[in-house]
Visitor: 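Questions regarding the structure given below will be posed in turn.
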Amino acid sequence: MENPHLHSHLSPLPLLLLLLLLGSAYGVSAVGVNYGTLGNNLPPPKKVAQLLQATLIDRVKIYDSNPDILAAFSNTGIDLVVAVENRLVANLSKDPSVAAQWLASRVAPFLPATSVVAIAVGNEYLTSGDDKLEPNDLVQAMQNLHAALVARGLDRKIKVSTPHSMAVLAASFPPSSSTFAMTLLPTMTSIVEFLADTGAPFMINAYPYFAYRDNPTSVNLEYALLGNKTTVRDPKGYVYTNMLDAQIDAVRSAIGALGFGNRSMEITVSESGWPSKGEDGDKAATPENARTYNTRLIERAQANRGTPMRPEERVEIFVFALFNENKKQGGVPERNFGLFNGDGSKSYDVDLSCQFCSGGGFGEKAVGSSTAARGPSVWCVAKPHAEEGVLQAVVDFCCGPGGVDCREVYEGGECYMPEKVHAHASYAMNAYYQMHGRNYWNCDFKGTGLVTFGDPSYGRCRYSQQ
């Protein structure tokens, strides 16, 4: 019998259409973070994975293919970007079989339980300053890894790219006139062509912090901190209210200058962040500025919007970094980009909370406690960035053909408020998950579900348990 109160979140779609929708690809507004491990005081990977499930972070980028990390992120609902270290690129470029063996030994054993979505070949490889790193090796290694993915039927799921520094550009301003450095043009042409042909994103590490720190008299701090009070005009009419958007569009122009302006290619900000501590006299690197920048950066990542040149084209962003790394080489700022200290305490106050994620979280108590560990009770909730249209279909399915008793999310029910699709979907998904034995595939819903270890119940709204 149809319930007249379930008007906003239950539509009469045919079952076949629901199943097709649940099986289709969908767009998400992902918030990523870089997880470096150059520290001697960091929590173990399993604890990091468990704790990240309590946050809005749903993509993690690492700097190697550490098997402990890949294993730790299995069945977490968090996507992973793994990496080939710079020193290994030449070896993978020499023979396709070497790349195939790397994939077989370093990544394939963890699939599909661990959701690997990309392989970053090298990191700032072309601007590392290491004369032993041959540019052509980078291109060939990328091609060999892609061929290995094709051979396994994984090339649509896992993309191959390489993160660049802004130094690959001859100049970044004005954005509309930007080009790649002359010495890199042949290599960049090959890379961009590869990315366009394979549907992989162009990865750029962009840091307004360094631009401001090195030119404090000519760069406005609010402009560098992603504020909206300052405007900078490009000669072609584009108006920029923050430096990061200008940096992204500079990369767009450089890609266009190579003749690929009409090809579809997403740009991913593979690193961006602000340190909370710097060298003596560095007035930019403060906890206040770091909090402001990264809070705005996360909000920008969630906003699912583009830049002045491409307003409708979303930009995926990975915050740098998850932890302060006390063994990282370089100056003081390099060791203080973390949102968190090694003991799990916050470097400064930044909100990563997710209302319908796991009940655990980062903090001094969380890292040392057992509340986030897997126990006899687990629940299923909607991923924080799942598209509302897909979640609507989940509600329709669970509360209809799926057989879930959804009275609590009807008007007047204990879980009706907040009246949001995300909240209602979480309740319905969990009920379906509990009904069917709490197998991880019963909380998949084609990537929109997330198994959590903390009770998501709130107020008088109680989530069922098996």
Side-chain angles (χ1 to χ4, degrees), residues 34-38 45 60-73 80-111 114-165 167-168 180-181 183-205 268 270-271 318 325 327-330:
N34 286 276
Y35 171 19
T37 57
L38 298 178
V60 170
K61 177 173 158 283
I62 61 176
Y63 291 88
D64 51 26
S65 55
N66 184 327
D68 292 335
I69 296 178
L70 269 77
F73 280 89
L80 209 60
V81 178
V82 300
V84 176
E85 300 94 311
N86 284 352
R87 60 184 173 79
L88 299 180
V89 170
N91 197 34
L92 268 63
S93 73
K94 288 182 170 56
D95 191 326
S97 65
V98 177
Q101 178 56 36
W102 182 91
L103 182 67
S105 61
R106 305 298 297 183
V107 177
F110 302 96
L111 305 176
T114 300
S115 178
V116 177
V117 295
I119 299 172
V121 183
N123 185 51
E124 301 185 353
Y125 183 93
L126 298 176
T127 54
S128 67
D130 188 343
D131 294 335
K132 296 179 182 179
L133 300 182
E134 172 59 45
N136 289 336
D137 287 349
L138 177 62
V139 179
Q140 191 61 55
M142 293 171 70
Q143 293 172 341
N144 288 348
L145 278 171
H146 177 71
L149 290 167
V150 170
R152 288 177 171 267
L154 295 172
D155 54 301
R156 294 185 66 183
K157 164 73 172 175
I158 304 175
K159 298 300 180 180
V160 176
S161 188
T162 182
H164 302 283
S165 74
V168 297
F180 289 116
T183 55
L184 296 176
L185 283 180
T187 304
M188 294 308 300
T189 300
S190 297
I191 289 174
V192 170
E193 183 175 23
F194 169 83
L195 298 176
D197 289 345
T198 61
F202 188 102
M203 292 183 169
I204 187 73
N205 297 343
T268 291
S270 40
E271 289 183 14
F318 287 81
E325 300 172 71
K327 293 299 181 180
K328 192 172 183 181
Q329 295 182 350

Visitor: Side-chain contact, heavy-atom cut-off 4.5 Å: Val160 with Leu149?
Guide: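 Yes, close enough: below the 4.5 Å cut-off.
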Visitor: So do the side chains of Leu80 and Phe110 get within less than 4.5 Å of each other, counting heavy atoms only?
Guide: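 They are not in contact (no side-chain heavy atoms under 4.5 Å apart), so the answer is no.
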Visitor: Which residues pass the side chain to side chain donor-acceptor pair (under 3.5 Å) test with Ser161, not counting sequence neighbours?
Guide: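 Side chain to side chain donor-acceptor pair (under 3.5 Å) check on Ser161 returns nothing, list empty.
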Visitor: Go through the structure and list residues passing side chain to side chain contact (heavy atoms under 4.5 Å, CB included) with Ala104, not counting sequence neighbours.
Guide: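 Residues passing side chain to side chain contact (heavy atoms under 4.5 Å, CB included) with Ala104: Arg152.
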Visitor: Sequence neighbours left out, what passes side chain to side chain donor-acceptor pair (under 3.5 Å) with Gln140? Give chain and number order.
Guide: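 Here the qualifying residues are Asn144.
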Visitor: Hey, are the side chains of Leu133 and Val89 touching, using non-hydrogen atoms and a 4.5 Å cut-off?
Guide: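 Contact flag for Leu133/Val89 side chains = no.
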Visitor: Can you list the residues that meet the salt bridge (charged side-chain N to carboxylate O under 4.0 Å, His left out) rule with Asp95, with sequence neighbours excluded?
Guide: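 If we apply the salt bridge (charged side-chain N to carboxylate O under 4.0 Å, His left out) test to Asp95, skipping adjacent residues, there are no hits.
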Visitor: In sequence, state the C-alpha distance, the side-chain angles, and the governing distance for Thr37 and Ile62, and then conclude on side-chain contact (heavy atoms from CB on, under 4.5 Å).
Guide: CA-CA 8 Å; Thr37 57; Ile62 61 176; over 6 Å; no
Visitor: Measure across Ser270 and Met203 and return the closest heavy-atom pair with its distance rounded to 0.1 Å.
Guide: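 Residues Ser270 and Met203, closest heavy atoms: OG-CB, 3.6 Å.
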Visitor: With sequence neighbours excluded, tell me which residues meet side chain to side chain contact (heavy atoms under 4.5 Å, CB included) with Ala148.
Guide: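 Only Ala100, Leu103 meet the side chain to side chain contact (heavy atoms under 4.5 Å, CB included) criterion with Ala148.
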Visitor: Within the 4.5 Å heavy-atom criterion, are Lys157 and Val117 side-chain neighbours or not?
Guide: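 Lys157 vs Val117: side chains touch.
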Visitor: I would like to know whether Thr187 and Leu126 meet side-chain contact (heavy atoms from CB on, under 4.5 Å); could you show each step before the answer?
Guide: CA-CA 9 Å; Thr187 304; Leu126 298 176; 3.9 Å; yes
Visitor: For residues 83-105, pull every pair meeting ring-ring contact (aromatic ring centres under 6.0 Å, His included), keeping only residues two or more places apart or in separate chains.
Guide: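 Sorted pair list comes back empty.
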Visitor: With heavy-atom distances below 4.5 Å as the criterion, would you say the side chains of Ile119 and Ile158 are in contact?
Guide: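 Yes, close enough: below the 4.5 Å cut-off.
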Visitor: Are any of the side-chain heavy atoms of Val121 and Leu145 separated by less than 4.5 Å?
Guide: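 The answer is yes; the side chains approach within 4.5 Å.
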Visitor: Val82 vs Ile69, test: side-chain contact (heavy atoms from CB on, under 4.5 Å). Steps then yes/no.
Guide: CA-CA 10 Å; Val82 300; Ile69 296 178; over 6 Å; no
Visitor: Within this structure, what is the CG-CD distance for the pair Leu92 and Gln143, rounded to the nearest 0.5 Å?
Guide: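 CD of Gln143 is found 13.0 Å from CG of Leu92.
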Visitor: How close do Lys159 and Gly199 get, heavy atom to heavy atom, and via which atoms?
Guide: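 Shortest heavy-atom separation between Lys159 and Gly199 comes out as CE-O, 3.7 Å.
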Visitor: Name all residues meeting the side chain to side chain contact (heavy atoms under 4.5 Å, CB included) criterion together with Ala90; count only those two or more places apart in sequence or in a different chain, and write none if there are none.
Guide: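 Lys94, Asp137.
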Visitor: Not counting sequence neighbours, which residues clear side chain to side chain contact (heavy atoms under 4.5 Å, CB included) with Ser165? List them please.
Guide: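 Once residues adjacent in sequence are excluded, the partners of Ser165 under the side chain to side chain contact (heavy atoms under 4.5 Å, CB included) criterion are Glu124, Thr127, Ala167.
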Visitor: Return each pair, listed once, that meets ring-ring contact (aromatic ring centres under 6.0 Å, His included) where at least one residue sits in residues 119-162; pairs must be two or more places apart or across chains.
Guide: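 Every pair satisfying ring-ring contact (aromatic ring centres under 6.0 Å, His included) with a residue in residues 119-162: His146-Phe194.
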Visitor: Residues in salt bridge (charged side-chain N to carboxylate O under 4.0 Å, His left out) with Lys328, at least two apart?
Guide: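 Partners of Lys328 under the salt bridge (charged side-chain N to carboxylate O under 4.0 Å, His left out) test: Glu334.
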Visitor: Return yes if some donor-acceptor pair links the side-chain N/O of Thr268 with the main-chain N/O of Phe202 below 3.5 Å, else return no.
Guide: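 Checking the backbone N and O of Phe202 against the side chain of Thr268, no donor-acceptor pair under 3.5 Å is found.
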Visitor: According to the side-chain hydrogen bond (donor to acceptor under 3.5 Å, both in side chains) rule, which pairs have a member within residues 61-72, sequence neighbours left out?
Guide: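 Of all non-adjacent pairs touching residues 61-72, those that pass side-chain hydrogen bond (donor to acceptor under 3.5 Å, both in side chains) are Asn34-Lys61, Asn34-Tyr63, Tyr63-Glu271, Ser65-Arg106.
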Visitor: Would you check, one step at a time, whether the test side-chain contact (heavy atoms from CB on, under 4.5 Å) holds for Met142 with Leu195?
Guide: CA-CA 10 Å; Met142 293 171 70; Leu195 298 176; 4.1 Å; yes
Visitor: For Arg87, which residues count as a salt bridge (charged side-chain N to carboxylate O under 4.0 Å, His left out) partner, sequence neighbours excluded?
Guide: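 In terms of salt bridge (charged side-chain N to carboxylate O under 4.0 Å, His left out), with neighbours along the sequence ignored, Arg87 is linked to Glu85.
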